[in-house]
Amino acid sequence: MISAKSLGRNATAEARVGLAGPILGSIGAAACIVVWQVTGNDVWRALAFTGFFLNLFNLLPVVPLDGGRRDGAMAPWMWFSGSWR
């Protein structure tokens, strides 16, 4: 969850901030898949599933989540979902 204020009128910076967490979280979940493939331990598979699911949930277009920030940066008419301004 991003609780920072708006980065001004720079839509590119807003989108980067809004997508940085889910991208890095997906990389971490993918690393869990690699560890699961190497070790065969199902705990790593469960961690990967949980990581991907949380990142998908985080991209919902609602205000406190990263998806709301992303949608607000895309176009001013989408600020109803990312209305932190």
Side-chain angles (χ1 to χ4, degrees):
M1 179 175 110
I2 296 175
S3 61
K5 297 293 181 192
S6 173
L7 296 174
R9 301 237 178 246
N10 190 345
T12 304
E14 290 281 355
R16 283 182 182 158
V17 169
L19 293 175
I23 289 171
L24 290 175
S26 295
I27 291 170
C32 289
I33 288 178
V34 171
V35 174
W36 167 63
Q37 291 289 331
V38 171
T39 64
N41 189 347
D42 283 335
V43 171
W44 292 102
R45 183 179 183 188
L47 285 173
F49 175 81
T50 303
F52 283 126
F53 180 76
L54 287 175
N55 283 317
L56 184 62
F57 178 77
N58 194 20
L59 288 172
L60 289 174
V62 292
V63 175
L65 301 177
D66 289 333
R69 189 174 195 95
R70 177 206 62 209
D71 285 352
M74 288 174 64
W77 62 270
M78 294 181 131
W79 286 353
F80 71 89
S81 68
S83 59
W84 63 89
R85 297 179 193 258

Open item on the list: With clusters defined by side-chain heavy atoms of hydrophobic residues (ILVMFWY) lying less than 4.5 Å apart, directly or transitively, does Ile33 cluster with Ile27?
Closed with: no
Open item on the list: I'd like to know if Trp36 and Val43 are part of one continuous hydrophobic network [Ile/Leu/Val/Met/Phe/Trp/Tyr, side-chain heavy atoms within less than 4.5 Å].
Closed with: yes
TODO: State the CG-CZ distance between Asn58 and Phe53, to the nearest 0.5 angstrom.
DONE: 11.5 Å
Open item on the list: Rounded at 0.5 Å granularity, tell me how far SG in Cys32 sits from CG in Asn41.
Closed with: 11.0 Å
TODO: Could you tell me whether the side chain of Asn55 and the main chain of Gly51 form a donor-acceptor pair under 3.5 Å?
DONE: yes
TODO: Compare every heavy atom of Phe52 with every heavy atom of Ser26, then report the nearest pair and how far apart it is.
DONE: O-CE2, 3.7 Å
